[in-house]
Amino acid sequence: MFKQFFGFLRKKNNDKIKGAEVDRLTNEVDRKKLPRHIAIIMDGNGRWALRRGMSRSFGHRAGVESLRDIVKVCSELEVQILTVYAFSTENWKRPREEVNILMDLLVEYFNREIEELDENRVRVNPIGRLQELPPAAIRALKMAAERTCSNDGLILNVAFNYGGRQELVDTVRSVVADVLNGTLSAADIEEQAISERLYTAGQPDPDLLIRPAGDLRLSNFLLWQLAYTEFCISPVMWPDFRRIDLIKAILDFQRRERRFGGLK
Ligand code: IPE
Ligand code: IPE
Ligand code: MG
């Protein structure tokens, strides 16, 4: 009984200390030098769950809570664009039950969150080969995009059935189609002809890429757009990734010197 009571007090005290740390770090963020566009590879759900003796799907479910939190923080900070990698074109290789759970979670997420996203003026923008998804997933993504299309807050790019190479293939197809129909001449194919046909057309490239769970690879994410992005690899697993981890990544980003091939 006593033990429980003191445990409760200790937890309350720890939460207070943690809260103060979050506030302190948040105050250190230079609001004038925020990344305009943050991209996140939401990785580590499976490992997080297995370490707790739970199923991978438990980890995916927990990861949704991190997404809620991070979207909220990005909105508050007035970051312009957040791109989250939720399902890659290679993730179809996973067992069917896991794929089904990821599809269900997508639908559940939008059913549960759309109201609040809309209230916070978030604009949902799905990116990826949506046409290959099951009908319920397509409906959820389209509903979220349509409902929020006139919002002027954070743009939330949801990369679902997204692959960087597939995006480039789709872009090349669109370039070739325009050359064939005469609206674009082969001599006019410059960088801009590519970038304005990507799924992220019209958006600035990510300034900051965050990969939780520690792996040092891109896993087919935004291959074109990440050319000069600053990388922040966090050891924290996505289901544990919260406000404080995002703030730390932003502070790390703000200490970098970006040269874009030039000199200081
Ligand atoms: C990321 O977590 C979620 C998706 C890829 C959909 P993982 O499921 O890849 O988790 P790990 O990398 O196996 O820990
Ligand atoms: C990248 O993570 C895809 C998403 C987070 C959606 P993976 O877990 O699929 O990447 P690999 O297989 O470890 O490279
Ligand atoms: Mg993974």
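Remember, it's 1-based here, ligands and their atoms both numbered in the order they're listed.
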Sub-4.0 Å heavy-atom contact, Ala213 with ligand 1: no
Cation over ring face, Arg51 and Trp48, 6.0 Å, 45°: no
Minimum-distance protein heavy atom relative to atom 1 (C) of ligand 1: Met42 O, 3.0 Å
Beyond-backbone contact of Ile250 with Leu77, side-chain heavy atoms, under 4.5 angstrom: yes
Pick from Ala86, Gly163, Gly46: the one approaching atom 6 (C) of ligand 2 most closely through a non-hydrogen atom: Ala86
Side-chain (Arg47) to main-chain (Ala213) donor-acceptor, under 3.5 angstrom: yes
Test item: Glu119 and Glu115 side chains (from C-beta on) under 4.5 Å apart, heavy atoms: yes
Min heavy-atom dist Met237 to ligand 1 below 4.0 Å: no
Which of the ligand 2 atoms, numbered from 1, are nearer than 4.0 Å to a heavy atom of Ile41: 1 (C), 5 (C)
Residues in side-chain hydrogen bond (donor to acceptor under 3.5 Å, both in side chains) contact with Asn91, at least two apart in sequence or another chain: Ser88
Side chain proximity check, Pro212 to Val236, heavy atoms < 4.5 angstrom: no
N-O pairing of Asp170 and Arg173 below 4.0 Å: yes
Closest candidate by heavy atom, reference atom 3 (C) of ligand 1, pool Ile101, Leu50, Asn45: Asn45
Under-4.0 Å heavy-atom contact between protein and atom 12 (O) of ligand 2: no
Pairing of Lys72 and Glu76 as salt bridge, 4.0 angstrom limit: no
Numbered atoms of ligand 2 (with element) below 4.0 Å of Phe87, judged on heavy atoms: 6 (C)
Proximal ligand 2 atoms for Arg217, defined as those under 4.0 Å from one of its heavy atoms: 11 (P), 13 (O), 14 (O)
Min heavy-atom dist Lys93 to ligand 2 below 4.0 Å: no
Within-cut-off N or O pair, Arg47 and ligand 1, under 3.5 Å: yes
Short N-O contact, Arg24 and Glu21, less than 4.0 angstrom: yes
Residues, nucleotides or ligands: over 12 heavy atoms within 6.0 Å of Gln131 CD: yes
Atom indices of ligand 1 within 4.0 angstrom of Arg56 heavy atoms, with elements: 7 (P), 8 (O), 10 (O), 13 (O)
Atom 5 (C) of ligand 1: nearest protein contact (heavy atom, Å): Arg94 NH2, 3.4 Å
Salt bridge flag under 4.0 Å for residues Arg61 and Glu108: yes
Validation row: Asp178, Arg197 side chains within 4.5 angstrom (heavy atoms): yes
Distance-only N or O hit between ligand 2 and Asp215, under 3.5 Å: no
Enumerated ligand 1 atoms positioned under 4.0 Å from heavy atoms of Leu102: 6 (C)
Nitrogen or oxygen of Ser219 less than 3.5 angstrom from that of ligand 2: yes
Under-2.8 Å neighbours of the Mg ion (ligand 3), protein N/O/S atoms only: 1
Under 3.5 Å: N/O of Ser88 near N/O of ligand 2: no
SB check Arg256 Asp252 (cutoff 4.0 Å): yes
Atom indices of ligand 2 within 4.0 angstrom of Arg211 heavy atoms, with elements: 2 (O), 10 (O), 13 (O)
Top protein contact for atom 9 (O) of ligand 2, by heavy-atom distance: Asn91 ND2, 2.9 Å
Side-chain donor/acceptor of Asn45 to backbone N/O of Trp238, under 3.5 Å: no
Rounded distance [0.5 Å steps], OG1 in Thr200 versus CD1 in Ile81: 8.5 Å
